[in-house]
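Remarks on the structure that follows.
Because the structure is a prediction, the values reported are computed rather than measured. Numbers here are sequence positions counted from 1. Heavy atoms only: backbone and side chains are in, while hydrogens, waters and symmetry mates are out.
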Amino acid sequence: MAVQYQAPTDDMAFVIRHVIDSQKISQLPGFEEFTDDVIDAVLEEAGKFNAGVISPLNTVSDETGASLGEGNVVTTSPGFKEAYQQYIEAGWNGLSCSPDFGGQGLPELLATATNEMLHSASMSFGLCPMLTAGAIHAIDHHGSDQQKETYLPKLVSGEWAGTMNLTEPQAGSDLAAVTSKAVPNGDHYLISGIKIYITYGEHDLTENIIHLVLARLPDAPAGVKGISLFIVPKFLVNADGSLGARNDVKCISLEHKLGIHGSPTAVMSYGEAGGAVGYLVGKPNEGLAYMFTMMNHARLNVGLQGVAIAERALQQAIWYAYDRVQGKTLIAGDQGSSPAPIAYHPDVRRMLASMQCRVQAMRALAYEAAAHMDIAAASQDTDVATTAQSKVDVLIPVVKGWCTEQSQDIASLGIQIHGGMGYVEETGAAQHLRDARITTIYEGTTAIQANDFIGRKILRDEGKGVCALIHEVVQTATVLTNSDDEALARLGQQLQQGAQTLRDCVNWVLTHGKTDAAAVYFGSVPMLMLAGDVFGGWMMARAAVASTKPELAHDPIADKKRQAAALYGDLVLVPGLGRAHQVTAGQAAVKSALAM
């Protein structure tokens, strides 16, 4: 049977308070109400809502996905429409949005925790609010005052939904090949073209859908420098805010996918009847830069989906491992040689431990990125904000790439723990792997994240941002190496080794990047995974340091964090250091590969 999700609020609260240090966020202007009481209340209510309302929809949406009917109408999975109304009525959609447009103004850090719960409960459902959040960020940062007043209150409330329209059949990830057209027509533009893979491009959850569309003006330069961004509403909006005529945009088909069946992935047609009315956002030909405002948040949230699916797979695996009695075990304590749950079998124990410590590291790393987003956005100290943004820039490709790759392996281990029953759909374990599979692909594949990490975050930056984080890793490692706890001291030594290995690889990339780019990019994904292993170890080490605080001396969560941190060092960090050879072996390997 598929196990219903229960939010790990204790671990989330520990990370927010003690690993990230919530007080440094609450001291920022506008976040004064981000107190322990608020953290506890929001996590508790979000946990109840997602476990009770959203989680039961997960299996249902997998079995009965979204469907396209007559009149280009998309019907979402059973229960989605009712649950969505509850979701927006409870205010979850605008948790971190500006109070100026009806949001609650809480930190992105806290919203990240609640979003993790949402995606664990049902990733298919969570994708709709996720895309709306991206549209909100783009319009808030780059839209005109009139556009903000027209669209943001309804998007923040969740009464309207938002989408991102980038990909076209001939373009894929190469946005330079975008051919959708935008022709000036009075105070607006007429948009025409086909967009594919549009998440929630059409649905029945909201009365209006606000599409953000990349297109080219008639005189636009070629390539990415000639792309503009347009707001194209499903229904035009009258001057008084009421809905007007249906725009010239429609869904012409839905993709049949491996997973996330409840999320309608649409092929969208613009301008079949003369042109869809669109409104330019910001300046002409700056669309790609504006879209990246959405993309950074989207990539954080896709990385968070990796955390969420991994957590769901872990919960399923733990339940099954303790429920399934089979064979004899060597570590069952008083049970001796009697039949025991497979959770006591050594290799099952190993898999569960690997899953659990990685999920905790992934969660903390995603929350760390979100916290620095808050600091970069809210700090009045320019130097502090700049440093925080540098950390965000380095961490985003790691969170997106590493967390999603880990989620696939963790979901796969979940099936392995179930044995043959994991391969049978009725247990629910297989759904997690199928749902997780898209996370390494959309919003930029793992290779795209790795190329960004190598090209922009190391070569263009000369490694400054990455090395600044490595320096912080070393500082944390030094604290642990001086610990009286043997396991924590060992973790400190392992983390020092990891930091040095990562620094050596950064230096190798800097040395060879301009003379043998192909060799450097041949090892880009292993480089990204190595960074994830090391930064994940840094998060676990920080949790271990926090667990030694006197006030946490008798906290059972603190004890578990120390154990998980030590396991991470042994099972993940040290084995992962072998990736360094893959990073530096590209010179010979790429020549061999190119000769095939």
Side-chain angles (χ1 to χ4, degrees), residues 71-72 131-132 134-155 160-171 175-196 198 200-202 206-252 266-294:
N72 308 102
L131 269 296
T132 300
I136 291 169
H137 282 294
I139 295 173
D140 192 24
H141 282 80
H142 305 294
S144 66
D145 289 342
Q146 182 180 2
Q147 289 170 345
K148 293 176 186 180
E149 292 172 5
T150 300
Y151 299 106
L152 287 184
K154 295 288 189 178
L155 287 169
W160 297 351
T163 72
M164 297 169 62
N165 285 243
L166 290 76
T167 309
E168 297 179 5
Q170 79 291 342
L175 296 180
V178 164
T179 60
S180 292
K181 298 178 181 179
V183 178
N185 186 44
D187 63 350
H188 59 268
Y189 295 78
L190 296 179
I191 313 297
S192 60
I194 299 291
K195 296 289 184 177
I196 63 173
I198 309 306
Y200 276 89
E202 175 62 30
T206 60
E207 63 181 8
N208 203 5
I209 303 172
I210 309 304
H211 302 289
L212 292 187
V213 182
L214 291 182
R216 293 185 182 279
L217 297 170
D219 58 350
V224 295
K225 294 182 178 180
I227 298 174
S228 299
L229 180 63
F230 299 87
I231 293 173
V232 185
K234 174 181 174 180
F235 287 96
L236 301 180
V237 181
N238 297 321
D240 62 0
S242 62
L243 297 185
R246 175 70 186 258
N247 208 350
D248 186 10
V249 53
K250 64 182 179 181
C251 169
I252 56 177
V267 177
M268 302 297 295
S269 176
Y270 291 85
E272 287 188 13
V277 174
Y279 305 96
L280 179 68
V281 176
K283 299 178 181 178
N285 306 322
E286 296 289 336
L288 191 61
Y290 299 159
M291 191 63 85
F292 269 98
T293 301
M294 297 172 67

Are any of the side-chain heavy atoms of [X] and [Y] separated by less than 4.5 Å?
X: Arg246; Y: Lys234; result: yes
X: Asp248; Y: Val277; result: no
X: Ile231; Y: Leu212; result: yes
X: Asn208; Y: Val237; result: yes
X: Lys195; Y: Val178; result: yes
X: Tyr290; Y: Ser228; result: no

Considering only distance and modelled atom types, tabulate donor-acceptor pairs under 3.5 Å from the side chains of residues 138-146, sequence neighbours left out.
residue : atom : partner : partner atom : Å
His141  : ND1  : His137  : O            : 2.8
His142  : NE2  : Thr293  : OG1          : 2.6
Ser144  : OG   : Gln147  : N            : 3.1

Using 0.5 Å steps for rounding, measure from the [atom1] atom of [X] to the [atom2] atom of [Y].
X: Leu243; Y: Leu236; atom1: CG; atom2: CG; value: 9.5 Å
X: Thr206; Y: Phe235; atom1: OG1; atom2: CZ; value: 10.0 Å
X: Thr163; Y: Leu131; atom1: OG1; atom2: CG; value: 7.0 Å
X: Asn165; Y: Phe230; atom1: CG; atom2: CZ; value: 12.5 Å
X: Leu166; Y: Leu214; atom1: CG; atom2: CG; value: 4.5 Å
X: Lys225; Y: Glu286; atom1: NZ; atom2: CD; value: 10.5 Å

Flag, side chain of Asp240 to backbone of Ser242, donor-acceptor distance under 3.5 Å: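 Yes: the side chain of Asp240 pairs with the backbone of Ser242.
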Test item: Asn247 side-chain N/O and Ala276 main-chain N/O as donor-acceptor pair under 3.5 Å: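 Judged by distance alone, no pair lies under 3.5 Å.
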Considering all heavy atoms of both residues, which atom of [X] and which atom of [Y] are nearest to each other, and what is their separation?
X: Asn72; Y: Lys250; value: OD1-CD, 3.7 Å
X: Ile209; Y: Glu202; value: CD1-CA, 3.9 Å
X: Tyr270; Y: Val232; value: CE2-CG1, 3.8 Å
X: Ile252; Y: Glu272; value: CG2-OE2, 3.9 Å
X: Asn285; Y: Leu217; value: OD1-CD1, 4.5 Å
X: Gly226; Y: Ala220; value: O-CB, 3.2 Å

Side chain to side chain contact (heavy atoms under 4.5 Å, CB included) between Ile196 and Glu168, worked out: CA-CA 5 Å; Ile196 63 173; Glu168 297 179 5; 5.6 Å; no
With a 3.5 Å cut-off and sequence neighbours excluded, list the donor-acceptor pairs that the side chains of residues 183-192 form with protein atoms.
residue : atom : partner : partner atom : Å
Asn185  : ND2  : His188  : NE2          : 3.0
His188  : ND1  : Asn185  : O            : 3.4
His188  : NE2  : Asn185  : O            : 3.4

